[in-house]
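Counting starts at 1 for both ligands and their atoms, in listed order. Hydrogens, waters and symmetry mates play no part in the numbers below; they use all other heavy atoms, side chains included. Computed from a predicted model, the values in this text were never measured in an experiment.
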Amino acid sequence: MAMIVSHYVCSSCGRAEEKPHEICPECGAHNSFEKCLFSDGNYRQSIRAKRSFPSGNVVSVDVKPLSSIRAEENTRFSTHMFEFDRVLGGGAMKGSSILIGGEPGIGKSTLLLSSLSYISEEHNAVYISGEETDVQVRLRADRLKLNTDKIKLFSSTSLSSIVDMLWRERPQVIVVDSLQTLSTSDIDSPAGTQSQIKACTHALCETVKILGITMFLIAHINKDGSIAGPKYAEHLVDTVLYFESAEGMLRIVRASKNRYGSSDEIGVFVMGENGLTCVEDPSRAFAVERTGDTPAGIVNTVVIVGTRAVVVELQVLCVPSKTQNRRIFSDKIDVSVVQRVVAILETCTELNLTFNDIYVNVAGGMRITDPNVELALAVAVYTSFTSSCLKSRAVFYGELTLLGEVRKAMFERKRSRSALSMGFERIVCALGEDAEQDRDEMYINITDLKGIKTVIEKLGSNISKEE
Ligand code: TYD
Ligand code: MG
């Protein structure tokens, strides 16, 4: 049966003590200690035995009015990398746990070691390395030209020694590199297995919550792109970030869950000689500079990613299929979206793409989930198939209905502003009936029921056959 132990926890910072204090030694809050009960799990008992404090689920004894809870201001701190701050929702939330997944070699350790070096100037920060030796971490810090005066290092793969260290040192910020290297002797399976990952994430999340530590937890990902181990780890933490592969040296960090900010927000970085640097204007980072006519199959669109409008270039290649069946190759836009758009295009324009293979790419390697990409995708398939090129610099956006109508895009103004600031001359989208007159010059407003068919007809005067 689970053991229940009572303790006193500061309602402001989460510090646990055996006796209540008038002034919290951690955050200085007055009369903030409340009696709490901790239930204990088996795998945590050995950790608990080594300390005078239990690590367990915190169960508050009292039911209390929500209004009586004091919400602190200034609860965030900067990582000193503005793109990282942005993806976290405006800096890291104090006491939160942040899981960061990504393929090996993409730059997780580089990003976190750099940030922690800056963070350590103002906070007690410890880098916990289970993957690399002390010397390897030092060499990396030297290569990144980091200030190593304040940052502390703890090399261990043992969960209990890490938890002990946290109780002893009481750091404010930690990086754990990586989750898959940790293990607890309470579980009879090697590090990296589902049960170990589950136990280690649980124990770490509970410990940092009680101690009010901000934790950056690095994790590997599976071939399918999800964090290796159970989804359970993602449920326990406050924020989940994924390093996405992008072309060349570009690196995208995307929030897939964020209790303290917008999910789907991205941070864009470039990997260089001295590690990762933030991209100044990510709205432009994925655009491709071109002069003259736009080649067949190339169409620009504006997608909303988190809080940004980003101009991206779609590239489509339709080639006669060598098999009886049409095949679609698309890893940046969901294949089912491409299939649906091709079916709509075939129905509305009488194109026959049955014996074509279709390759879809997004320049810069950004993965697109915004449904407003559909109009641009349809136009790119059309121009590729008909070998025609757009004469003017145009962007297209809008979701397609199954009948081929173009829907008005969310955040239309934001999209158009982004495109116009980059010198695009035409915006093809649905503005709705109430569109302002002054916007008509640069807009081609598709409001009729024929939708995509009208777009193709209107393109007639705006496209030419490729030589
Ligand atoms: P790393 O942060 O070790 O990746 P992860 O922790 O996600 O496995 O990044 C390693 C890659 O980054 C490696 O291919 C070398 C490259 N790199 C640079 O290009 N510049 C640098 O300054 C550093 C430190 C690494
Ligand atoms: Mg690493």
Side-chain angles (χ1 to χ4, degrees), residues 79-84 87-88 92 97-120 125-148 151-159 162 173-183 191-192 196-197 200-201 204 215-229 233-234 237 239-256 266-280 285 364-365 367:
T79 61
H80 297 268
M81 298 185 99
F82 58 84
E83 284 297 289
F84 197 21
V87 79
L88 288 167
S97 16
I98 301 141
L99 188 64
I100 299 155
E103 288 170 10
I106 197 153
K108 302 181 294 297
S109 306
T110 306
L111 175 68
L112 271 306
L113 187 61
S114 308
S115 296
L116 203 66
S117 146
Y118 297 120
I119 291 170
S120 69
V126 180
Y127 191 91
I128 301 166
S129 176
E131 272 187 20
E132 291 171 333
T133 61
D134 293 0
V135 176
Q136 284 171 319
V137 178
R138 175 68 211 235
L139 285 173
R140 184 196 291 273
D142 288 347
R143 183 174 171 198
L144 295 169
K145 299 190 174 63
L146 299 177
N147 181 353
T148 49
I151 191 164
K152 293 179 194 155
L153 183 61
F154 186 73
S155 293
S156 176
T157 54
S158 151
L159 177 68
I162 292 171
V173 186
I174 58 168
V175 168
V176 182
D177 189 2
S178 66
L179 177 58
Q180 279 87 358
T181 59
L182 306 186
S183 62
Q196 284 286 6
I197 288 176
C200 293
T201 317
L204 280 174
M215 174 173 67
F216 294 92
L217 185 55
I218 296 178
H220 295 176
I221 60 167
N222 287 322
K223 283 206 182 90
D224 65 3
S226 62
I227 291 189
E234 298 198 17
V237 297
T239 304
V240 181
L241 307 180
Y242 278 100
F243 251 97
E244 272 178 21
S245 55
E247 259 169 31
M249 291 293 129
L250 271 185
R251 300 282 183 269
I252 303 170
V253 179
R254 188 189 289 266
S256 79
I266 58 164
V268 186
F269 303 85
V270 187
M271 180 65 93
E273 285 269 306
N274 299 318
L276 287 162
T277 43
C278 301
V279 170
E280 286 287 335
R367 189 171 49 80

* To do: Compare all side-chain heavy atoms of Leu159 with those of Leu204 and state whether any distance is below 4.5 angstrom.
  => yes
* Which residue pairs pass the salt bridge (charged side-chain N to carboxylate O under 4.0 Å, His left out) test when at least one of the two sits in residues 126-137, sequence neighbours left out? -> Glu132-Arg140
* **Residue that, paired with Phe269, satisfies side chain to side chain contact (heavy atoms under 4.5 Å, CB included) out of Leu111, Thr277, Thr110** => Leu111
* Will you find, in the side chains of Asp177 and Ser109, an N or O donor that is under 3.5 Å from an N or O acceptor? -> yes
* Between the Mg ion (ligand 2) and Thr110, is there an N, O or S atom separated by less than 2.8 Å? -> no
* **Phe84 side chain reached by Leu112 side chain, heavy atoms, under 4.5 Å** => yes
* Asked: Side chains of Phe216 and Val176: does their closest heavy-atom pair fall under 4.5 Å?
  -> no
Below 3.5 Å only, please: the N or O atoms of ligand 1 paired with protein N or O atoms, distance on each line.
unit_1, atom_1, unit_2, atom_2, d
ligand 1, 2 (O), Ser109, N, 3.4
ligand 1, 2 (O), Thr110, N, 2.9
ligand 1, 2 (O), Thr110, OG1, 2.5
ligand 1, 2 (O), Arg140, NH1, 3.2
ligand 1, 3 (O), Arg140, NH1, 3.1
ligand 1, 3 (O), Arg140, NH2, 3.0
ligand 1, 4 (O), Gly107, N, 3.1
ligand 1, 6 (O), Ser109, N, 2.9
ligand 1, 6 (O), Ser109, OG, 2.7
ligand 1, 7 (O), Ile106, N, 3.3
ligand 1, 7 (O), Gly107, N, 3.0
ligand 1, 7 (O), Lys108, N, 2.9
ligand 1, 7 (O), Lys108, NZ, 2.8
ligand 1, 8 (O), Gly105, N, 2.6
ligand 1, 20 (N), Arg143, NH2, 3.4
ligand 1, 20 (N), Gly272, O, 2.8
ligand 1, 22 (O), Glu273, O, 3.0
ligand 1, 22 (O), Gly275, N, 2.8

